[in-house]
Amino acid sequence: MLRRVKKYIADKELLKDGEKVLVCVSGGADSVALLDVLLRAGYECIVAHCNFHLRGAESERDEAYVRQLCNTLGQRLKTKPLWMKDGIPLYIKHFDTAEYAKSHKQSLELAARELRYQWFSELAEQTGCNAIAVAHHQNDQAETILMNIRRGCGLKGLYGMAAKSRNPYSERSVPVIRPLLCTTHDYICHYLRDIRKIEWMEDSTNTDITFRRNAIRAELAQWSKAEIEHLATLGERL
């Protein structure tokens, strides 16, 4: 995993050696692996966690877990870098997502996306980060392409997500990067469970197929690893 992600970062020119990056960590497997790999690759990591207050006790559980994670991952490094003398910097933001969605006449999903990307941009600029790292992987890429196809799209809709892009909710210059687009969710779980021995939090709403993306995710669960990789690679090539 470490070699694969480092090569992808270099090939796509996502980060330069030792740069400072804002890592968006929810507590789920994907973002936990993202943080672990970027730390091991030698980047200076600032962690951002959003508490949207949409899942009751689960939201509080995830916040507590991310706090703990920032302590334990730093301790696992063989050599602690100078920037980590006081641990991995962690910033937490609380949102009244339901009220925001209501006042802006948006779905909860869209409201949460807008709130987090606006805050990520502000925080990255305040802390001097060179990029905002999010944990999208090949399964997410395949989901995005399938969603675009079902809506009815042209060639651009088959692109999926770029490895590096502009923040869609901010005019600020800090780019959004996706270092895990070179791997699948299954491999991420294998990396955490079997190689790194790191636990993660599960989001119970991920199984709610009333959300369109979750329904597509359940469908993709029946696909082979190779089929998911082929669809994600299609977007990459386009």
Side-chain angles (χ1 to χ4, degrees), residues 1 4-5 8 12 24-34 50 52 54-56 58-59 62 95 97-98 100-101 104-118 120 132-169 176-193 200-238:
M1 172 73 89
R4 182 184 301 185
V5 173
Y8 190 75
K12 298 296 182 182
C24 308
V25 180
S26 66
D30 307 326
S31 61
V32 171
L34 175 65
C50 298
F52 295 110
L54 292 174
R55 294 182 289 118
E58 270 194 17
S59 293
D62 291 353
F95 298 101
T97 314
Y100 185 90
H104 288 74
K105 297 181 180 179
Q106 296 176 340
S107 68
L108 289 173
E109 192 175 19
L110 181 58
R113 174 181 167 84
E114 188 170 302
L115 287 168
R116 66 176 175 266
Y117 275 105
Q118 287 174 349
F120 291 159
I132 300 165
V134 294
H136 294 130
H137 44 71
Q138 289 182 340
N139 296 64
D140 296 317
Q141 183 75 292
E143 289 168 16
T144 299
I145 293 172
L146 284 181
M147 286 181 68
N148 290 343
I149 291 172
R150 288 187 172 184
R151 290 191 186 108
C153 66
L155 186 60
K156 189 174 181 181
L158 298 178
Y159 291 1
M161 296 174 286
K164 186 175 187 178
S165 63
R166 183 183 63 83
N167 189 325
Y169 293 100
V176 175
I177 62 172
R178 299 175 175 87
L180 298 186
L181 281 181
C182 59
T183 191
T184 64
H185 178 67
D186 283 349
Y187 190 79
I188 287 169
C189 292
H190 161 67
Y191 169 77
L192 290 178
R193 181 182 57 247
W200 64 88
M201 298 292 103
E202 294 286 357
D203 182 345
S204 63
T205 64
N206 284 341
T207 59
D208 184 354
I209 61 173
T210 59
F211 293 102
R212 181 182 300 174
R213 183 174 284 275
N214 287 350
I216 292 176
R217 183 172 300 151
E219 179 180 328
L220 278 173
Q222 310 303 315
W223 290 30
S224 70
K225 179 175 179 288
E227 288 170 331
I228 292 170
E229 287 177 341
H230 291 332
L231 187 54
T233 301
L234 169 65
E236 187 101 2
R237 287 173 176 167
L238 287 171

Set of residues satisfying side-chain hydrogen bond (donor to acceptor under 3.5 Å, both in side chains) with respect to [X], sequence neighbours excluded:
X: Lys12; answer: Glu236
X: Arg150; answer: Glu219
X: Arg237; answer: none

Which residues share a ring-ring contact (aromatic ring centres under 6.0 Å, His included) with [X], sequence neighbours left out:
X: Tyr8; result: none
X: Tyr159; result: none
X: His185; result: His137

Euclidean distance, Gln138 CD relative to Ile188 CD1, rounded to 0.5 Å: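 Atom-to-atom, Ile188:CD1 and Gln138:CD are 9.0 Å apart.
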
Which distance, rounded to the nearest 0.5 Å, do you find between the CH2 of Trp223 and the CG of Asn139?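 Rounded to the nearest 0.5 Å, the CH2-CG separation comes out at 10.5 Å.
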
Do [X] and [Y] touch side chain to side chain, with heavy atoms closer than 4.5 Å?
X: Arg116; Y: Cys24; answer: no
X: Ser26; Y: Asp62; answer: no
X: Asn148; Y: Arg151; answer: yes

Tell me whether the rings of His104 and Tyr100 are parallel (<30°), tilted (30 to 60°) or perpendicular (>60°).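 If you compare the ring of His104 with that of Tyr100, the planes turn out parallel.
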
Think Arg4 forms a cation-pi with Tyr191, using NZ or CZ under 6.0 Å from the six-ring centre and within 45 degrees of its axis?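 Here Arg4 fails the 6.0 Å and 45° test against Tyr191.
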
May I ask you to say whether Arg178 pairs ionically with Asp140, meaning some side-chain N is under 4.0 Å from a carboxylate O?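 No, Arg178 and Asp140 are not salt-bridged.
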
State whether the side chain of Thr97 and the backbone N or O of Phe52 hold a donor-acceptor pair below 3.5 Å, judged by distance alone.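 Present.
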
Looking only at heavy atoms, what is the nearest atom pair of Ser107 and Ala101, with distance?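 Scanning both residues, the minimum pair turns out to be O-CB, 4.0 Å.
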
In this structure, which one of Val176, Val134, Ile145, Thr144 forms a side-chain contact (heavy atoms from CB on, under 4.5 Å) with Met161?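 Testing Met161 for a side-chain contact (heavy atoms from CB on, under 4.5 Å) against Val176, Val134, Ile145, Thr144 leaves exactly one candidate, Thr144.
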
